[in-house]
Amino acid sequence: VDLAVNVRAGTPPTWLRAALARVDLARYPDQRDALAAVAARHGRAPDEVLLTAGAAEAFVLLARVLTPRCAVVVHPQFTEPEAALTAAGIAVRRVILAPPFTFDPDVVPELVPELVPQLVPQLVPELVPDEADLVIIGNPTNPTSVLHPATTIRRLARPGRIVVVDEAFADCVPGEPETLAGAGDPGVVVVRS
């Protein structure tokens with residue numbers, strides 16, 4: 001059984017087939033309105049937006065154009081970023097966060113006070129090796145739904161490093177308080193769905 005959200009068994013429903021039948025498939029669609037809408041939604045310029053067929057395609061495109069010497073994927077995480085990097089021949093190092101799956105030591109006392117002594121030394125962005133020139137992290141994460149503070153993710157950024165933040169589920173968080181989509185931080189790429 002495949003429970004992936006981007007897999008749908010069977011054919012499209014009748015209403016969708018009818019809508020698709022009315023589309024002119026003889027030419028590429030004009031993306032200008034969509035680009036303008038997405039850019040306005042996130043406070044970015046249209047030339048800073050790339051429309052893709054979902055986050056998975058964005059990860060494949062990034063894996064094809066980037067040539068990191070040390071790629072790190074922070075887990076728990078959606079499997080597609082690592083799969084795309086591996087398929088592109090890029091070796092991936094994993095940083096696996098222990099429960100409660102956060103970099104933020106301030107969150108630990110709220111969730112599991114008895115674990116503070118063991119976890120606090122492990123819960124800092126310094127877990128990511130200095131030589132990492134590509135870091136991919138979900139926010140909120142899939143499948144744990146941990147929402148990392150934007151300030152913590154910003155600590156991952158540094159000259160010579162690209163930080164890719166998978167915010168595919170950010171719109172599930174009321175007010176999207178930790179999004180970096182409109183921030184324009186240097187070296188940070190935000191993937192949204």
Side-chain angles (χ1 to χ4, degrees), residues 1-12 16 28-29 31 34-35 37-39 41-42 44 48-104 125 127-129 131-150 152-157 160-173 176 178-183 185 187-193:
V1 174
D2 191 342
L3 300 176
V5 295
N6 57 345
V7 175
R8 184 179 184 318
T11 61
L16 181 55
Y28 287 107
Q31 295 186 353
L35 285 170
V38 170
R41 164 72 171 80
H42 298 293
R44 310 303 308 158
E48 295 177 310
V49 174
L50 175 66
L51 300 178
T52 62
E57 182 186 18
F59 297 126
V60 168
L61 294 174
L62 286 167
R64 289 180 182 173
V65 300
L66 299 176
T67 55
R69 292 176 311 285
C70 180
V72 170
V73 177
V74 178
H75 285 278
Q77 167 63 291
F78 182 43
T79 57
E80 293 301 317
E82 186 168 329
L85 291 168
T86 302
I90 298 169
V92 175
R93 290 173 66 175
R94 293 180 176 174
V95 168
I96 301 175
L97 301 177
F101 310 114
T102 178
F103 278 121
D104 188 6
L127 280 172
V128 174
E131 63 271 18
D133 53 354
L134 173 63
V135 178
I136 300 178
I137 183 168
N139 204 37
T141 62
N142 173 8
T144 63
S145 300
V146 167
L147 184 64
H148 301 287
T152 302
I153 293 178
R154 282 188 173 103
R155 287 179 49 210
L156 293 170
R161 176 184 285 173
I162 296 172
V163 177
V164 177
V165 186
D166 176 3
E167 291 190 4
F169 294 102
D171 56 349
C172 295
V173 180
E176 301 179 27
E178 305 304 335
T179 182
L180 293 173
D185 292 289
V188 176
V189 175
V190 178
V191 175
R192 299 286 301 240
S193 285

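Separation of atoms CG (Asn139) and CZ (Phe169) is listed at 12.5 Å; rounding is to 0.5 Å. Atoms CD and CD1, from Glu80 and Ile136 in turn, are 11.5 Å apart once rounded to the nearest 0.5 Å. If you take CG on Leu50 and CD on Gln31, they are separated by 8.0 Å, rounding to the nearest 0.5 Å. Annotation: the span from Leu127 atom CG to Ile96 atom CD1 amounts to 11.0 Å, rounded to 0.5 Å. Annotation: the span from Leu85 atom CG to Leu62 atom CG amounts to 8.5 Å, rounded to 0.5 Å. Distance CD/Gln77 to OG1/Thr144: 9.0 Å, rounded to 0.5 Å.
Nearest approach of Ala63 to Ala84, heavy atoms of both residues: CB-O, 3.4 Å. For Arg161 against Leu156, the heavy-atom pair with the smallest separation is NH1-O, 2.7 Å. The two residues Val191 and Ala58 make their nearest non-hydrogen contact at CG1-CB, 3.9 Å. Here the closest non-hydrogen pair linking Ala55 and Ser193 is CB-OG, 3.9 Å.
Residues Val73 and Val95 fail the side-chain proximity criterion, which asks for heavy atoms closer than 4.5 Å. Side-chain atoms of Ile137 and His148, non-hydrogen and from C-beta on, do get closer than 4.5 Å to each other. Between Thr141 and Phe78, every side-chain heavy-atom pair lies at or beyond the 4.5 Å cut-off. In this structure, the side chains of Asp185 and Arg154 come closer than 4.5 Å at one or more pairs of heavy atoms. Side-chain contact between Val163 and Val189 is absent, with no heavy atoms from C-beta onward closer than 4.5 Å. Residues Val92 and Val72 are not in side-chain contact: their nearest non-hydrogen atoms beyond the backbone lie 4.5 Å or more apart. A 4.5 Å side-chain heavy-atom check between Val74 and Val135 finds at least one atom pair inside the cut-off. Side-chain contact between Val164 and Pro81: absent, with no pair of heavy atoms (C-beta onward) separated by less than 4.5 Å.
No option in Thr52, Thr179, Asp166 other than Thr179 meets the side-chain hydrogen bond (donor to acceptor under 3.5 Å, both in side chains) test with Arg192.
At least one donor-acceptor pair closer than 3.5 Å links the side chain of Asp133 to the backbone N or O of Cys70. Panel note: side chain Glu167, backbone Leu180; a donor-acceptor pair is recorded below 3.5 Å.
Within the structure, side chain to side chain donor-acceptor pair (under 3.5 Å) contacts touching residues 83-95 (residues at least two apart or in different chains) are Glu82-Arg94, Arg93-Glu131.
Residues passing the salt bridge (Lys or Arg N to Asp or Glu O under 4.0 Å) test with Asp171, sequence neighbours excluded: none. Every residue meeting the salt bridge (Lys or Arg N to Asp or Glu O under 4.0 Å) condition with Glu48, not counting sequence neighbours, appears here in chain and number order: Arg44.
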